[in-house]
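Report on one structure; see the data block that follows.
Side-chain atoms are counted along with the backbone in the values below, which use heavy atoms only and exclude waters and symmetry mates.
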2 protein chains.
Amino acid sequence: MHTQQAHIGPGAISVSASAPSGIEVTPGLNFPGFTMRFGRNEEIFGQAEEADFIYKVVSGAVRTFRVLSDGRRQVVGFHLVGEVFGVERGESHRCSAEAVADCEVALVRRSVVNKASDQDHTAARWMWGLLSADLERLQDHMMLLGRKTAVERVAAFLLEMSHRAPCAGGLDLPMSRSDIADYLGLTIETVSRTLTQLERDRTIAIPSSRRIVLQNRAVLNDLDS
Amino acid sequence: MHTQQAHIGPGAISVSASAPSGIEVTPGLNFPGFTMRFGRNEEIFGQAEEADFIYKVVSGAVRTFRVLSDGRRQVVGFHLVGEVFGVERGESHRCSAEAVADCEVALVRRSVVNKASDQDHTAARWMWGLLSADLERLQDHMMLLGRKTAVERVAAFLLEMSHRAPCAGGLDLPMSRSDIADYLGLTIETVSRTLTQLERDRTIAIPSSRRIVLQNRAVLNDLDS
DNA sequence: CGCCCTATTGAGGGAGATCAACTCGGGTGG
DNA sequence: CCACCCGAGTTGATCTCCCTCAATAGGGCG
């Protein structure tokens with residue numbers, strides 16, 4: 001169902017030279033690190049794998065997800081340009097991460113960040129902020145998955161993406177319908193049908209399948225409750 | 001639908017004397033604080049309210065949840081004896097919290113914890129651990145809400161409760177079917193039907209509606225995938 | 001142009017929701 | 001002590017939203 005490729009971890013050939021100044025994880029906070037490139041659907045890290053790094057999207061987009069033994073998949077989150085992912089407790093990752101589209105990712109050693117956090121409150125607070133922002137998003141998403149209808153889920157998704165991506169004149173979705181469906185707890189068919197329904201209502205326009213223009217945000221906001 | 005009562009915040013009459021030694025939030029880590037009692041369904045804190053405290057369940061049980069404007073409710077989590085809740089980023093709570101049953105709760109000022117975290121890595125790490133344990137649980141729960149069937153959800157719930165509560169010879173559920181339903185993204189009817197189905201299969205026994213004996217954990221574990 | 005992958009559309013079925021009746025148990029008051 | 005009541009839980013009948021299966025349409029790239 002989903003392309004499974006060999007894991008290419010840190011140290012593999014796709015490592016590129018790190019910027020000499022290090023990785024700026026957030027304005028004013030730099031860490032030594034390096035960048036890597038990943039092709040579409042390539043694995044960045046796997047569930048239960050050692051969590052030695054934290055990651056920041058430089059270009060492209062990333063999905064984190066979990067799978068059940070029978071293949072059912074739940075996308076936990078999408079990570080767009082500038083966003084940090086892979087921040088976890090302890091030793092190992094609890095999600096897998098894959099490139100949604102070709103992308104470039106900056107890596108910083110967890111040990112480096114941990115040491116900085118112990119010495120510098122700025123770094124500690126930054127990490128704390130990352131984790132709790134994630135928590136907040138996950139709580140919103142639980143509401144969506146547990147209690148919202150298909151239209152409401154799709155509306156919430158469109159609004160979320162439009163807030164997180166610079167959307168001058170319409171969204172450019174990096175992810176497939178299958179990714180969206182697994183994020184929203186729906187099937188690709190339902191996602192597709194719901195989008196065309198919203199298009200018929202003139203709430204959105206879909207010039208091409210990955211490009212969506214929000215024509216009536218008021219309706220979407222209403223659906224978002 | 002749910003009993004809405006006036007909020008009784010810190011400083012209200014139900015405050016009882018704090019233990020002179022302070023609140024032991026985790027073995028070896030004490031903070032000055034005090035305890036309060038809440039009756040069944042009483043509000044402990046409300047969504048968007050100032051998050052001045054963190055809370056620990058001394059006795060009874062607590063639910064945290066969110067509601068949509070039309071009353072649909074999603075229970076984000078249950079908090080049993082010994083567990084800490086209300087740890088959030090920044091200023092305000094993102095969930096409401098209510099007493100599932102009569103309970104006693106210990107409160108510690110956030111400012112106290114923050115100060116301790118800045119000076120002592122033990123406290124900082126403890127907070128970090130709390131937050132990321134929550135995150136982990138929420139990710140599991142997203143999988144449940146997004147992709148699991150009713151039986152799988154109920155099985156997962158029973159196993160979760162049996163792991164978190166001392167369950168010598170059966171669970172004693174503090175929460176109603178309605179709470180369970182809103183936690184699992186189902187209706188009370190479906191929860192009830194699923195439980196009786198599991199009872200007919202001899203997977204569980206239900207001596208009384210709040211008491212459940214796990215007779216065949218293997219089946220439940222299989223359903224938990 | 002033809003291939004392949006992604007997306008859309010249609011027809012039909014099913015898991016769970018909804019609506020409604022009934023049962024159970026615990027508390028209260030006569 | 002029993003009758004009554006009320007909330008919680010169970011069970012039944014029906015409906016519906018979304019899933020499943022299947023066919024068709026687009027669109028990027030060789």
Side-chain angles (χ1 to χ4, degrees), chain A residues 1-3 39-41 63 68 70-74 100-102 144-155 157 171-200 204-212 223, chain B residues 1-5 39-41 63 68 70-74 100-102 144-155 157 171-200 204-212 223:
Chain A
M1 179 175 293
H2 305 290
T3 322
R40 200 162 70 93
N41 293 329
R63 61 175 169 259
L68 292 179
D70 64 358
R72 277 175 290 177
R73 186 178 71 150
Q74 177 65 46
V100 163
D102 292 354
L144 181 149
L145 293 172
R147 289 299 178 213
K148 289 193 177 178
T149 65
V151 216
E152 291 170 341
R153 295 182 198 206
V154 171
F157 171 74
L171 304 175
D172 255 315
L173 300 177
M175 70 289 284
S176 68
R177 295 289 187 268
S178 166
D179 285 331
I180 300 173
D182 286 347
Y183 182 54
L184 300 180
L186 300 169
T187 60
I188 45 176
E189 294 95 331
T190 300
V191 171
S192 184
R193 269 187 258 270
T194 306
L195 284 171
T196 51
Q197 181 200 320
L198 288 171
E199 189 182 26
R200 270 196 294 270
I204 61 173
I206 315 179
S208 84
S209 74
R210 296 291 181 100
R211 179 159 195 80
I212 293 182
L223 286 168
Chain B
M1 179 175 294
H2 306 291
T3 322
Q4 289 302 330
Q5 303 191 8
R40 198 163 72 96
N41 294 329
R63 61 175 170 259
L68 292 179
D70 63 359
R72 278 175 289 176
R73 187 178 71 151
Q74 177 65 46
V100 163
D102 290 354
L144 181 147
L145 293 172
R147 287 301 178 211
K148 289 192 177 178
T149 65
V151 216
E152 291 170 339
R153 295 182 197 205
V154 171
F157 171 74
L171 305 176
D172 256 315
L173 300 177
M175 70 288 285
S176 69
R177 296 288 187 269
S178 166
D179 286 331
I180 300 173
D182 286 348
Y183 182 52
L184 300 180
L186 300 170
T187 60
I188 45 176
E189 293 95 332
T190 300
V191 170
S192 184
R193 270 187 257 271
T194 307
L195 285 170
T196 51
Q197 180 199 321
L198 288 171
E199 189 182 27
R200 269 196 293 271
I204 62 173
I206 314 180
S208 85
S209 74
R210 297 291 181 101
R211 179 159 194 81
I212 293 182
L223 285 169

Atom CD of B/Glu152 and atom C1' of C/dA15 are separated, to the nearest Å, by 12 Å
Rounded to whole Å, the CD1-P distance (B/Ile188 to C/dG16) equals 16 Å
The side-chain hydrogen bond (donor to acceptor under 3.5 Å, both in side chains) partners of B/Arg211 (sequence neighbours excluded) come to B/Asp172
* Tell me whether the OP1 or OP2 atom of C/dT9 has a side-chain N or O from A/Thr196 closer than 4.0 Å. => yes
note: A/Ile212, atom CD1; C/dT6, atom C1'; distance rounded to Å ~ 14 Å
(Q) Any heavy-atom pair between the side chains of A/Ser176 and A/Arg210 that's under 4.5 Å? (A) yes
Indicate yes or no for a side-chain donor-acceptor contact from B/Arg153 to the backbone of B/Leu184 under 3.5 Å, with no hydrogens or angles considered. yes
Residues passing the side-chain hydrogen bond (donor to acceptor under 3.5 Å, both in side chains) test with A/Arg193, sequence neighbours excluded, are none
Quick tally for nucleotides 12-30 of chain D: nucleotides whose base has a protein heavy atom under 4.0 Å get B, sugar-phosphate-only ones S, the rest -, giving BB----SSBB---------
When rounded to whole Å, the CD to C1' distance for the pair B/Gln197 and D/dT10 reads 14 Å
Nearest heavy-atom approach of B/Leu195 to B/Ile204 is O-CD1, 3.6 Å
Restricting to nitrogen or oxygen on both sides, can you table the protein-nucleotides 3-5 of chain C pairs closer than 3.5 Å?
none

Within a strict 4.5 Å, meaning less than it, do heavy atoms of the A/Ile212 and A/Glu199 side chains meet?
-> no
A/Arg73 side chain to A/Asp182 backbone, donor-acceptor under 3.5 Å: no
Rounded to whole Å, CG of B/Leu195 lies from P of D/dA8 at a distance of 17 Å
Sorted by chain and number, sequence neighbours left out, side-chain contact (heavy atoms from CB on, under 4.5 Å) with A/Ile188 holds for A/Arg177, A/Ser178, A/Ala181
Rounded to whole Å, the CD1-P distance (B/Ile206 to D/dG9) equals 12 Å
Worksheet entry | B/Arg210 vs D/dG9: side-chain N/O to OP1/OP2 distance below 4.0 Å | yes
Atom CE of B/Met175 and atom C1' of D/dG9 are separated, to the nearest Å, by 16 Å
side-chain contact (heavy atoms from CB on, under 4.5 Å) filter on A/Thr190, not counting sequence neighbours, yields A/Ala150, A/Leu186, A/Thr187, A/Thr194
To the nearest angstrom, the CZ-P distance between B/Arg177 and D/dG7 comes to 18 Å
